[in-house]
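Remember, predicted model here, so these are calculated numbers, not experimental data.
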Amino acid sequence: MTAQPSSKARTVMLPPALTVKELGDRLGVSPVEIIKRLMTHGVMAAINQSIDFDTAAIVSTDLGFEVGPEAPAPATEPVATEAEEAPDEPASLKPRPPVVTILGHVDHGKTSLLDAIRKTRVAAGEAGGITQHVGAYQVQREGKLITFIDTPGHAAFTAMRARGAQATDIAVLVVAADDGVMPQTVEAINHVLAAGVPMIVAINKMDLPGANPDRVKQQLTEHNVVVEDYGGDVLAVPVSATKGQGIDDLLESINLVAEIAELTANPDRPASAVVIEAELDASRGPIATLLVQRGTLRQGDALVVGEISGKVKAMFDDRGERLREAGPSRPVVVMGLEAVPEAGDRVRVVTDEREARQIVDLRRRTREGREQTDHAHVNLDTLFHEISAGKLKELIIVLKADVRGSAEAIRGALEQLSTSEVKVKIIHAATGSVSDSDVMLAEASNGIILAFNTRVDPSAKKRAEAAGVEIRSYSIIYQLLEDIEKALAGMYEPVFATVVDGHAEVRQVFKSSRLGQIAGCYVVDGTLRRGSQVRVLRKGQELARGRCEGLKRFQDDVREVQTGYECGVVVSNFDKYQEGDVIEFFHDERVR
């Protein structure tokens, strides 16, 4: 059934975004007719796909309707607007434990320090000795709880480390006493200073012979971190994570800084939290580690996390013990979300699951409508021109990782490898194993697949081999980044510079029945190597260019001859030497 224009066009009011089916219902037209009309305007949309207001208005006008924007729903409706959280009354605020982030350069003992604090062994078994995932834990010191967020110390996790610093009240900067301030130490300092978080410096590895804490303190002043010994306000605590020395002093310092900060929150309100880490567990489904920031999270609470709804079906602490509720600053592992959220997503408790689904539906439709506006008229021609513009080369990547945090960190690090000549384009980044659909996507886009700490489905492996799609698996992040950096280097247009290796002066000319003329030379400077490119110069003018096919010292063939020695030189395609000629040895070196 197709609507026909009438002498007096009917008016229809449309929302900012709606599905194809909903538009058909409002117009009294078959969704198939809507899809056909969309296709004539270059828009491909399925029956349940959202389209934005402008696109819906064009189709509606084609069908003889006058279109106007729908009035916003009353503010009393729970999903119409998402009001900012109301501030807490001062009387409702109660003291809460401090949330502490451990930051520092790789190998400076960050994980070992946390291990010493928790009295458990977590440092062993990490691939490459680098923490791969963010974790949150609580410890007790003199009856006071402290929450620790452990962020990975490798440079690839810059984004995660920044998020960790900003989610916390106090940052502990770990610096090795024997190694001093390193590039990743400076990165960590910048994150903490930008977040405006109080800092405590843990000078680790004090048990080593090369420990020099004074040098560390001096280096820190060069990066705007002035410790108390130097007249500043930053506490510096000497520790040895492996020996367990200074740990009590560090915890005491944390409690002191927390006391000065007077950290409070209202536990008697619906909880709000942040996702620290999330992954898909094969047996338990989506699992999210949350840090409760305000209110109290309870079993049975309905949640909204980004575009994901859910219900707290079960809740555990960092030791795996089941909880029924969790107050401010408490890290908890939650089961019951419909999908795996993004690390860093905000978590909001709502009245019930129905309201959660409504909010999620509104968020999703708003985003889809926005995306539809952005991509409505993309086709193969425009896509080709976008890729070809400026002769830009691209390395297309499909990224699969075990957890969101890893995928996020790797994506950020890879995108930073892009230059004006070569662009790294991650067209898909997700958690889980490499599947058939990932291979098909890489095949269609002429890309490669990177799998970090995750398996490859057998069917996907078979399909990839048949299609010639490369799948690379890694368990250590810096190896992945090094490999991609090498691949990018191979994609640059090669630029070569000539590097002169040395000069030899022809002092005598010998004849050989087998080799023709041999130049008896004295090496004036540099090093002559067999196989090098050479130029024969006479009075500064180039006579010939070739390759050194032989170097002789007396009767022996040699690979190279140094300055100050005599030798015999054989050059390809040239034997017209004269005494006084100069043979210049050189090679072309690729410039990055």
Side-chain angles (χ1 to χ4, degrees), residues 1-6 9-84 304-309 338-339 341-342 345-346 348 350 354-387 389 425-430 441 444-445:
M1 163 184 167
T2 304
Q4 299 296 329
S6 60
R10 291 160 50 198
T11 302
V12 62
M13 311 306 286
L14 299 178
L18 74 171
T19 66
V20 170
K21 184 179 184 305
E22 288 169 341
L23 179 59
D25 292 342
R26 291 190 180 222
L27 302 181
V29 175
S30 164
V32 175
E33 181 65 24
I34 302 291
I35 291 171
K36 287 179 183 177
R37 296 280 179 168
L38 287 168
M39 289 173 68
T40 63
H41 292 283
V43 179
M44 305 299 292
I47 190 168
N48 291 317
Q49 188 172 339
S50 288
I51 56 176
D52 67 302
F53 173 84
D54 292 338
T55 306
I58 292 170
V59 172
S60 302
T61 305
D62 284 354
L63 294 170
F65 290 84
E66 288 186 357
V67 181
E70 188 175 74
T76 54
E77 290 188 17
V79 299
T81 58
E82 294 185 42
E84 291 294 320
V304 175
V305 189
E307 292 184 12
I308 299 168
S309 64
E338 292 177 344
E342 297 278 353
D345 275 354
R346 303 292 303 175
R348 177 180 160 201
V350 294
R354 178 177 172 273
E355 183 184 348
R357 284 191 292 269
Q358 287 178 313
I359 293 173
V360 166
D361 185 54
L362 177 66
R363 289 180 178 180
R364 185 179 295 125
R365 287 170 58 174
T366 303
R367 175 183 57 78
E368 287 176 352
R370 192 166 57 245
E371 288 178 353
Q372 192 69 27
T373 305
D374 294 339
H375 305 298
H377 303 291
V378 170
N379 55 47
L380 286 177
D381 289 334
T382 58
L383 190 64
F384 175 80
H385 289 304
E386 284 172 10
I387 293 173
K425 189 173 183 180
I426 293 95
I427 58 172
H428 179 59
L441 181 58
S445 55

Take Q358 and V350 through the test side chain to side chain contact (heavy atoms under 4.5 Å, CB included) and record every step on the way to the result. CA-CA 11 Å; Q358 287 178 313; V350 294; over 6 Å; no
Checking salt bridge (charged side-chain N to carboxylate O under 4.0 Å, His left out) for the pair D361/R357: CA distance, chi angles, key distance, verdict? CA-CA 6 Å; D361 185 54; R357 284 191 292 269; over 6 Å; no
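Interatomic distance, CG of D62 versus CD of E33, reported as 9.5 Å (0.5 Å rounding). Within the model, atoms CD of E66 and OG1 of T11 stand 4.5 Å from one another, a figure rounded to the nearest 0.5 Å. To the nearest 0.5 Å, atoms CD (E307) and CG (L362) are separated by 10.0 Å. Atoms CD1 and CG, on I47 and L23 in that order, are 11.5 Å from each other to the nearest 0.5 Å. Distance check, rounded to the nearest 0.5 Å: OG1 of T61 to CD1 of I58 gives 8.0 Å. Going from atom CG of L38 over to atom CD1 of I51 covers 5.0 Å, rounded to the nearest 0.5 Å.
Nearest heavy-atom pair across V12 and F65 is CG1-CB, 4.1 Å. In this structure, A56 and L14 approach most closely via the heavy-atom pair CB-CD1, 3.8 Å. When all heavy atoms are compared, the tightest approach of P31 to V20 is O-CG1, 3.9 Å. E355 approaches R348 most closely through the heavy-atom pair OE2-NH2, 4.3 Å. Heavy-atom minimum distance, R26 versus P15: NH1-CD, 3.7 Å. When all heavy atoms of A339 and I308 are compared, the closest pair comes out as N-CG2, 3.7 Å.
S30 has its side chain out of reach of K36: every pair of non-hydrogen atoms, C-beta onward, lies at least 4.5 Å apart. Residues V304 and R363 are in side-chain contact: their nearest non-hydrogen atoms beyond the backbone lie under 4.5 Å apart. Contact of the L27 side chain with the S60 side chain is registered, since non-hydrogen atoms from C-beta on lie closer than 4.5 Å.
Judged by distance alone, the side chain of R37 and the main-chain N or O of V59 form no donor-acceptor pair under 3.5 Å. Proximity of a side-chain donor or acceptor of E22 to a complementary backbone N or O of T19 within less than 3.5 Å is detected.
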